[in-house]
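Notes follow the structure.
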Amino acid sequence: MANQEQLALLKAGVAGWNEWFVANMRAMRADKSVAVDLSGAILSGANLSGADLSGANLSRADLSGANLSRANLS
């Protein structure tokens with residue numbers, strides 16, 4: 001199940017998401033209990049262009065019709 005706070009932040013906009021992601025990246029890498037969990041999220045039709053989703057759990061997420069151009073999905 002997706003982390004609802006993270007999901008709300010992503011849905012609010014890529015610029016804010018990427019700012020949060022960079023600010024929290026070290027903590028996420030150091031503490032495996034802190035992670036981006038978007039599993040099962042409904043992101044169909046979302047504009048995620050340029051979003052940094054590296055390392056995010058996107059299992060069972062609905063990304064149909066989402067704009068993922070320049071998104072980092074590594």
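Two different hydrophobic clusters hold L10 and I42 under the rule that ILVMFWY side chains link at heavy-atom gaps under 4.5 Å. Under the 4.5 Å side-chain heavy-atom criterion for grouping Ile, Leu, Val, Met, Phe, Trp and Tyr, L43 is connected to L73 within one hydrophobic cluster.
For S69, the side-chain hydrogen bond (donor to acceptor under 3.5 Å, both in side chains) criterion is met by S49, N67, not counting sequence neighbours. Every side-chain hydrogen bond (donor to acceptor under 3.5 Å, both in side chains) that D37 has, sequence neighbours left out, goes to S39.
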Trace of the side-chain contact (heavy atoms from CB on, under 4.5 Å) decision for N72 with L53
CA-CA 5 Å; N72 183 350; L53 299 170; over 6 Å; no
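A pairwise comparison of heavy atoms in M1 and R60 identifies N-NH2, 4.3 Å as the closest pair.
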For a quick test of your reading: what N or O donor-acceptor pairs under 3.5 Å do the side chains of residues 14-22 make, sequence neighbours left out?
residue : atom : partner : partner atom : Å
W17     : NE1  : D52     : O            : 2.8
N18     : OD1  : D52     : N            : 2.8
N18     : ND2  : G50     : O            : 2.9

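With rounding to the nearest 0.5 Å, the separation of NZ in K11 from CG in N47 is 14.0 Å.
Considering only heavy atoms from C-beta on, L58 stays 4.5 Å or farther from V36 through its side chain.
In this structure, the side chain of E5 does not engage the main chain of N3 through any donor-acceptor pair within 3.5 Å.
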